[in-house]
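Structure record follows, encoded as structure tokens.
Numbers restart at 1 for each chain; the letters A, B, ... are given by sequence-line order, proteins then strands.
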Amino acid sequence: EPEVTQTPSHQVTQMGQEVILRCVPISNHLYFYWYRQILGQKVEFLVSFYNNEISEKSEIFDDQFSVERPDGSNFTLKIRSTKLEDSAMYFCASRGRINQPQHFGDGTRLSIL
Amino acid sequence: AQSVTQLDSQVPVFEEAPVELRCNYSSSVSVYLFWYVQYPNQGLQLLLKYLSGSTLVKGINGFEAEFNKSQTSFHLRKPSVHISDTAEYFCAVSGYGGSQGNLIFGKGTKLSVKP
């Protein structure tokens with residue numbers, strides 16, 4: 001069964017540095033998402049992406065965050081200047097049609113030092 | 001806007017006992033409903049979904065859930081749990097009719113199955 005893959009599985013970064021989290025969604029999917037889960041808390045929506053543009057974003061997704069689909073297969077989340085509170089598990093998800101469920105990757109654990 | 005409430009943060013249960021994990025939601029629009037399971041150090045795996053039709057939906061690993069519109073609930077049940085069901089379970093909703101289907105999650109329920 002096709003799956004969403006995320007790399008790296010764990011990223012350790014100094015505060016203030018830029019970080020890029022990578023995702024390869026399922027190949028024929030059209031809708032792409034990033035979520036995050038701070039340790040011990042619930043999964044929170046960050047951003048959705050469709051037709052090569054952001055379709056919705058939460059208040060968490062401020063100017064420090066950006067997303068790209070640079071080559072038609074990868075879907076990246078960039079945090080420009082990381083803060084301690086950005087430490088979390090970041091999940092990528094994709095779906096085919098709008099009424100189909102989202103498929104999640106295994107996540108990238110981001111640790112900011 | 002939607003919100004999801006999972007009243008029980010932890011549910012301990014003995015192996016082979018039945019279990020119910022509760023989920024209530026609120027929404028100003030019609031919703032799709034989902035249950036995801038997260039095993040330690042893994043991602044979110046879809047257990048089951050309600051989109052339309054029969055209010056009783058069956059998922060993987062013997063789980064089922066019933067959509068109750070009047071009570072705005074979508075409780076997850078399993079008649080007999082196994083040790084391997086120990087995991088965290090998340091209820092989620094997404095609106096439809098204009099939304100891009102972003103999922104709103106509950107805080108999760110940690111199911112702990114004891115021998």
Which heavy atom of [X] sits nearest a heavy atom of [Y], and at what distance?
| X | Y | result |
| --- | --- | --- |
| B/N102 | A/Y33 | OD1-CE2, 3.5 Å |
| A/Q102 | B/Y36 | O-OH, 2.9 Å |
| B/F105 | A/K42 | O-CD, 3.5 Å |

Original post:
Mind checking what makes side chain to side chain donor-acceptor pair (under 3.5 Å) contact with B/T55, not counting sequence neighbours?
Top reply: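 Once residues adjacent in sequence are excluded, B/T55 has no partner under the side chain to side chain donor-acceptor pair (under 3.5 Å) criterion.
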
Original post:
For B/K114, what residues pass the side chain to side chain donor-acceptor pair (under 3.5 Å) criterion, not counting sequence neighbours?
Top reply: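 For B/K114 there are no side chain to side chain donor-acceptor pair (under 3.5 Å) partners, ignoring immediate neighbours.
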
Check whether [X] gets within reach of chain A through its side chain, its backbone, both or neither, counting any heavy atom under 4.5 Å.
| X | result |
| --- | --- |
| B/K49 | side chain |
| B/L46 | side chain |
| B/Q45 | neither |

Taking atom [atom1] of [X] as the centre, report whether more than 12 heavy atoms of other residues, nucleotides or ligands fall under 6.0 Å from it.
| X | atom1 | value |
| --- | --- | --- |
| A/L39 | CG | no |
| A/K78 | NZ | no |
| A/D63 | CG | no |

**OP:** Would you give the length of the straight line joining atom OH of A/Y35 to atom CD1 of B/I104, rounded to the nearest 0.5 angstrom?
**Re:**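 CD1 of B/I104 is found 7.5 Å from OH of A/Y35.
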
Original post:
Are A/F91 and B/Q38 side-chain neighbours, meaning at least one heavy-atom pair lies under 4.5 Å?
Top reply: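 In short, these two side chains touch, coming nearer than 4.5 Å.
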
Original post:
Same hydrophobic cluster for B/V93 and B/V37, using side-chain heavy-atom links shorter than 4.5 Å among ILVMFWY?
Top reply: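 The answer is yes; both residues are in one hydrophobic cluster.
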
Subject >> Joint cluster assignment, A/I20 & A/V4, ILVMFWY side-chain distance < 4.5 Å >> reply: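 No, A/I20 does not connect to A/V4 through the hydrophobic network.
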
Original post:
Which answer fits A/Q37, side chain, backbone, both or neither, if we ask what part of it has an atom under 4.5 Å from a heavy atom of chain B?
Top reply: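 When you check distances to chain B, only side chain atoms of A/Q37 fall under 4.5 Å.
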
